[in-house]
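Encoded as structure tokens, the structure appears first; notes follow it.
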Amino acid sequence: MGVDLESLSEATSGAIGSLLSTTILYPLDTCKTKYQADVRIYGQRKYRSLSDVFWEAISSGQVFSLYQGLGTKNLQSFISQFVYFYGYSYFKRLYLEKSGFKSIGTKANLIIAAAAGACTAVVTQPLDTASSRMQTSAFGKSKGLWKTLTEGTWTDAFDGLSISLLLTSNPAIQYTVFDQLKQRLLNRKQNKADNDASAVVLSAFSAFVLGAISKSVATVLTYPAIRCKVMIQAADSDENETKRAGSKPKKSIPEVMYAIWRGEGVFGFFKGLQAQILKTVLSSALLLMIKEKITATTWVLILAIRRYLLLTRGRLKSA
């Protein structure tokens, strides 16, 4: 079975878009993650707002620590987006070919997106866990990727996998909403430009707006699970205490939910929602905007590489 070049193009452009958006917004992501991992205990908490995390980095002279774990996060983002976009595009094309339909419905789109997300979660979970631990470590005390992954058992590297699988509904909702809104907008533009033979494309601004709307919807619906996942994967606040106790105690979903309920009440499940929306909306909007703009270029580049390889193979055979 040959390589699906169209799916490969979608995956490559999506991965590049993810890499750029992650790098641009990483300091915000670090502040957000540390804020989410902080739980009020006995009426006390370390961070009262997102800005407290930022000022802690500045006051301690660890501004560059806002980028701790950036390499791991970029690697995780690149791989996850490549796997996701490839799987999503491939499964969608396969569904249309097998069903004979000209377009894909909302229910089928959700199932396909969830399946692609589940594959992505399993493949990238160790990197996701390591990234969260590195971000939530004390400023200036973050460890390298290999040391972070090997300081516990290999099962520890898959902390939060069950929630990650549950959160496959997040990108499923996001990209379904984006695709549906995009299709409606393009159809409207096509109807207005019936006499124009050129292809109708989505502008960068339109892609940004649609990406922001679709991610906002997905984030609000899945946020309680997002916060629980961050707390499960977070680094221990007192490393010396952990060393004395021996192996790191495993955090379960019920334990984390009870800790949030006991310390912060119902609204604690939505602590940091504004920061999450700000970060994820900007990240996803940038990702989709960049992806829309470079997809055509990526497609042409892949076709050029394929043509070059075919010509080279032909010359070798003739020789």
Side-chain angles (χ1 to χ4, degrees), residues 1-18 77-125 161-162 164-191 194 197-202 206-207 210-211 213-215 217-218 221-222 284 287-307 309-310 313:
M1 188 174 180
V3 178
D4 187 338
L5 294 181
E6 186 172 339
S7 296
L8 182 62
S9 174
E10 286 284 316
T12 303
S13 57
I16 293 173
S18 174
S77 296
F78 186 90
I79 294 175
S80 65
Q81 290 300 324
F82 184 91
V83 173
Y84 183 85
F85 275 110
Y86 186 89
Y88 179 76
S89 177
Y90 178 77
F91 289 144
K92 188 165 72 170
R93 282 171 54 83
L94 189 63
Y95 172 81
L96 293 175
E97 290 175 2
K98 297 294 183 181
S99 65
F101 296 138
K102 292 184 179 180
S103 61
I104 187 170
T106 302
K107 291 183 179 179
N109 209 346
L110 277 170
I111 294 173
I112 290 171
C119 295
T120 303
V122 173
V123 171
T124 62
Q125 187 62 36
L161 177 59
S162 58
S164 293
L165 292 174
L166 175 64
L167 287 173
T168 57
S169 59
N170 188 295
I173 295 170
Q174 176 196 350
Y175 292 118
T176 298
V177 173
F178 180 83
D179 274 352
Q180 298 300 319
L181 292 177
K182 173 186 172 183
Q183 194 58 48
R184 291 187 181 185
L185 184 60
L186 291 179
N187 288 340
R188 188 181 302 175
K189 286 185 175 182
Q190 187 65 54
N191 292 334
D194 286 334
S198 60
V200 177
V201 296
L202 199 65
S206 296
L210 294 187
I213 294 173
S214 61
K215 193 59 180 180
V217 173
L221 293 176
T222 60
S284 296
L287 185 158
L288 292 170
M289 181 181 69
I290 295 170
K291 175 181 173 293
E292 286 293 326
K293 294 287 91 180
I294 67 175
T295 295
T297 304
T298 305
W299 176 245
V300 171
L301 182 60
I302 288 176
L303 289 179
I305 294 174
R306 178 174 177 270
R307 179 180 174 82
L309 292 175
L310 289 175
R313 185 184 301 175

Can you tell me which residue pairs pass the salt bridge (charged side-chain N to carboxylate O under 4.0 Å, His left out) test with a partner in residues 108-118, sequence neighbours excluded?
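For residues 108-118: none.
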Are L166 and T222 side-chain neighbours, meaning at least one heavy-atom pair lies under 4.5 Å?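 Heavy-atom side-chain distance check fails, nothing below 4.5 Å.
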Nearest atoms (heavy-atom pairs only) where [X] meets [Y]:
X	Y	value
A118	L165	O-CD2, 3.9 Å
A121	L161	O-CD1, 4.0 Å
F91	I112	CB-CG2, 3.5 Å

So how far is it from [X] [atom1] to [Y] [atom2], rounded to the nearest 0.5 Å?
X	Y	atom1	atom2	answer
S164	N170	OG	CG	11.0 Å
Q180	R184	CD	CZ	7.0 Å
Y86	T120	OH	OG1	13.0 Å

Exercise for review: List the steps, then state whether side chain to side chain contact (heavy atoms under 4.5 Å, CB included) holds for Y95 with S99.
Suggested key: CA-CA 6 Å; Y95 172 81; S99 65; 3.9 Å; yes
Given the options I213, V217, L210, F178 meets side chain to side chain contact (heavy atoms under 4.5 Å, CB included) only with L210
Side chain to side chain contact (heavy atoms under 4.5 Å, CB included) test vs Q183 passes for just one of L181, D179, N187, namely N187
Open item on the list: Tell me whether S80 contacts the main-chain N or O of S77 through its side chain, where contact means a donor paired with an acceptor under 3.5 Å.
Closed with: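 Such a contact is found between S80 side chain and S77 backbone.
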